[in-house]
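Indexing begins at 1, ligand by ligand and atom by atom, following the structure's order.
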Amino acid sequence: MDPVGLTLKSEVFKDVFKLEDDVLVFKAFVNGEWSDYPTRINVRSPIDGSLIAKVAVPDWESIDRGLDLISIKGRWTIRNIPGERRLRIIDRIAELMEKYREELVETLIVDAGKPVRAAASEVEASIDRLRKASFDLRKIEGDYIPGDWSIHTLESEAIVRREPYGVVLAIIPFNYPLFDTVNKFVYSIIPGNAFIVKPPSHDPLTSILFVKLVLEAGFPKDSIAIIPLPGREASKLVADRRIHVISLTGSTKTGLEVMRNAGIKQLIMELGGGDPAIVLADAEISMAAQKTAMGIASYAGQRCDAVKLVIVEEPIYEEFKKALVEELSKLKVGDPRDKTTDVGPLIDESSVNDMLEAIREAEAYGCKILYGGRRLNGNYVEPTLIEVTEKGVLKLLKLYRDEVFAPIAVITKFRDLDEAIEIANNRRYGLDAAIFGKDIDKIRKLIRFLEVGAVYINEYPRHGIGYYPFGGRKDSGIGREGIGYSTEYVTATKSIIYNYRGKGIWEYL
Ligand code: NAP
């Protein structure tokens with residue numbers, strides 16, 4: 001394997017890092033300027049564990065000054081820039097991302113360990129999301145309410161308008177570090193909020209590069225900040241009253257912690273998931289198997305919308321199982337820099353251990369490994385499928401109870417729809433579900449009863465750019481992400497009541 005390194009050649013990025021002992025040290029943008037701090041986060045590549053960069057962690061005094069700047073001044077600066085000009089800045093950011101696309105893709109590959117195609121598609125999705133920002137602005141809408149439906153409000157009327165809350169704190173997960181930063185940025189600033197981003201410690205670099213391009217595009221520097229901070233040290237920031245909205249994408253455990261610390265704030269919580277795929281007896285077996293394999297193994301199963309539970313109707317169970325194993329065996333695990341790689345490394349060793357522990361537990365319960373099951377080397381693991389034949393055992397498994405963030409799923413059979421619904425709904429998560437099949441009556445019944453935020457029919461769950469809204473129920477979260485749909489959570493309504501009593505405008509009978 002070639003040694004892993006990171007180089008950023010473009011002049012535009014020169015002021016966001018410096019070289020120290022041949023290592024790139026990235027600065028933070030907290031108080032209207034790029035600054036270095038003595039405390040650092042070491043950023044290691046999941047490809048081979050080598051140190052690719054360090055990121056400066058601002059001290060609380062600097063964060064405190066930064067919060068003053070953004071909440072006293074910056075949140076009004078951004079609001080006072082007309083929407084039409086905010087949109088032009090977003091267009092300019094998209095142009096800059098096009099221009100520096102290659103460096104963004106390369107950074108994502110080494111920083112997140114994303115296979116080339118996945119990294120390129122995340123950058124593409126981010127540009128696309130910026131270009132679709134004008135779809136969001138039509139959701140900044142209000143109401144007109146006539147007064148004559150209540151005797152208390154005769155001769156009055158109201159308009160209800162949406163206005164930005166003020167300052168949005170976006171907390172970003174490691175699995176879509178660039179796209180999630182871009183998406184949360186767009187839906188926050190379209191209605192006129194200021195924006196703070198806390199990047200993931202595993203792979204914070206593309207969020208930093210994005211903030212640089214935002215500033216380069218002419219975004220006001222007092223209305224944005226990037227605060228690289230280890231999550232376990234972020235509770236003071238989360239609790240701060242100068243932040244009005246928290247938009248977190250992360251695990252359910254983190255979601256609970258953030259909710260406990262946040263105090264009274266508006267929240268968007270995109271939390272843990274892992275989805276069921278229900279395969280009906282009349283499904284097109286080869287298509288369903290190919291898509292389910294992608295659902296399990298794409299980005300090494302480190303997706304909130306990854307398939308973790310495959311539930312197959314009894315008559316086709318054996319045939320489908322064979323087809324799925326065949327599809328999984330076609331996937332190539334390896335160095336994400338190699339264009340032919342399908343499955344890259346897991347983000348860190350603890351994720352590998354988590355997967356191996358789940359496999360050991362399943363084996364101890366008598367489950368059979370149908371495919372994979374082994375660590376290859378470093379953070380590389382085989383895509384894995386585990387068969388569960390005993391209903392009672394399924395619910396005991398870590399693979400069913402928790403979200404194991406790796407390319408692994410369990411497969412089991414069902415006899416009737418009620419059983420499939422019960423198996424799917426009994427998990428604590430409720431992000432999405434996939435249904436493969438043709439019988440419209442069965443599909444319609446499943447749609448009605450599945451407790452999830454999105455149902456994909458003849459497709460594996462994939463949120464993409466949020467063209468269709470997504471978001472969880474139960475332990476998978478609160479709120480929705482999706483073009484236009486998040487506006488509701490970053491704006492507050494304000495009712496303006498006009499009283500015309502006695503002015504002779506209305507002459508009620
Ligand atoms: P994570 O460990 O929960 O971390 C997410 C972010 O929260 C990171 O920036 C982390 O910082 C920060 N954080 C951790 N503890 C915190 C605290 N006490 N206060 C404030 N911030 C804190 O999740 P991850 O491993 O990066 O991402 C994978 C998880 O995200 C999975 O559970 C996945 O399902 C979920 N996800 C959900 C969706 C969805 O749409 N529902 C989409 C993508 C991912 P550090 O990095 O510094 O620890």
Can you sort out which atoms of ligand 1 are near [X], meaning under 4.0 Å from one of its heavy atoms?
{"X": "Pro230", "value": "47 (O)"}
{"X": "Gly272", "value": "32 (O), 34 (O)"}
{"X": "Phe470", "value": "40 (O)"}
{"X": "Val258", "value": "19 (N), 20 (C)"}

Starting from [atom], which protein heavy atom do you reach first, and at what distance in Å?
{"atom": "atom 8 (C) of ligand 1", "result": "Ile172 O, 3.2 Å"}
{"atom": "atom 18 (N) of ligand 1", "result": "Glu257 OE1, 2.9 Å"}
{"atom": "atom 48 (O) of ligand 1", "result": "Gly231 N, 3.7 Å"}
{"atom": "atom 11 (O) of ligand 1", "result": "Lys198 NZ, 3.0 Å"}
{"atom": "atom 15 (N) of ligand 1", "result": "Thr254 CG2, 3.5 Å"}
{"atom": "atom 42 (C) of ligand 1", "result": "Cys304 SG, 2.8 Å"}
{"atom": "atom 24 (P) of ligand 1", "result": "Phe174 CD2, 3.6 Å"}
{"atom": "atom 27 (O) of ligand 1", "result": "Pro173 CB, 3.4 Å"}

Quick test of your reading of the model: are [X] and [Y] salt-bridged, counting only N-O distances below 4.0 Å?
{"X": "Arg129", "Y": "Asp136", "result": "yes"}
{"X": "Arg117", "Y": "Asp342", "result": "yes"}
{"X": "Lys184", "Y": "Glu481", "result": "yes"}

Please classify the [X] to ligand 1 contact at 4.0 Å (heavy-atom distances, strictly less than): side chain, backbone, both or neither.
{"X": "Tyr176", "answer": "neither"}
{"X": "Glu403", "answer": "side chain"}
{"X": "Leu431", "answer": "side chain"}

- Query: According to the interplanar angle, ranging from 0 to 90°, do the rings of Phe174 and His202 count as parallel (below 30°), tilted (30 to 60°) or perpendicular (above 60°)?
  - Reply: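 Rings of Phe174 and His202: perpendicular, as their planes differ by over 60°.
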- Query: Out of Gly471, Gly479, Ala234, whose heavy atom sits nearest atom 20 (C) of ligand 1?
  - Reply: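 Looking at heavy atoms only, Ala234 sits closest to atom 20 (C) of ligand 1.
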- Could you name the option among Ile171, Leu256, Thr249, Leu271 that has the heavy atom nearest to atom 5 (C) of ligand 1?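 Of the listed residues, Thr249 has the closest heavy atom.
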- Message: Less than 3.5 Å apart, any donor N or O on the side chain of Tyr460 or Ser298 sitting next to an acceptor on the other?
- Response: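 No donor-acceptor contact under 3.5 Å links the two side chains.
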- Task: Consider only side-chain N and O atoms of Asn353 and Ser350, and report whether a donor and an acceptor are under 3.5 Å apart.
- Result: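 Looking only at side-chain atoms, Ser350 and Asn353 do not form any donor-acceptor pair under 3.5 Å.
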Is a donor on one side and an acceptor on the other found under 3.5 Å between the side chain of [X] and the backbone of [Y]?
{"X": "Arg427", "Y": "Tyr400", "result": "yes"}
{"X": "Asp240", "Y": "Arg242", "result": "yes"}
{"X": "Lys474", "Y": "Asn425", "result": "yes"}
{"X": "Asp111", "Y": "Leu205", "result": "yes"}
{"X": "Lys308", "Y": "Ala406", "result": "yes"}

Does the residue [X] have a heavy-atom contact with ligand 1, meaning some pair of atoms that are separated by less than 4.0 Å?
{"X": "Phe405", "result": "yes"}
{"X": "Leu248", "result": "yes"}
{"X": "Leu229", "result": "yes"}
{"X": "Gly477", "result": "no"}
{"X": "Gly273", "result": "yes"}

- Task: Sort and list the pairs that fulfil salt bridge (Lys or Arg N to Asp or Glu O under 4.0 Å) and have at least one residue in residues 351-364, not counting sequence neighbours.
- Result: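 Qualifying pairs, neighbours excluded: Asp354-Lys398, Glu361-Arg401.
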- Quick one: does Ser476 get an N or O within less than 3.5 Å of an N or O on ligand 1?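 Between Ser476 and ligand 1, no N or O pair is found under 3.5 Å apart.
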- Query: Has ligand 1 got any nitrogen or oxygen that is less than 3.5 angstrom from a nitrogen or oxygen of Ser201?
  - Reply: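 The answer is yes, given that Ser201 and ligand 1 share an N or O pair closer than 3.5 Å.
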- Query: Is the cationic atom of Lys212 (NZ for Lys, CZ for Arg) positioned less than 6.0 Å from the six-membered ring centroid of Phe29 and within 45 degrees of its normal?
  - Reply: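 The answer is no, since Lys212 fails at least one limit relative to Phe29.
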Could you go through residues 43-56 and list every donor-acceptor pair under 3.5 Å that involves a side-chain atom there, pairing it with any protein atom two or more places apart or in another chain?
from  : atom 1 : to     : atom 2 : distance (Å)
Arg44 : NH1    : Gly49  : O      : 3.1
Ser45 : OG     : Ile47  : N      : 3.1
Ser45 : OG     : Val110 : O      : 2.7
Asp48 : OD1    : Ser50  : N      : 2.9
Asp48 : OD1    : Ser50  : OG     : 2.7

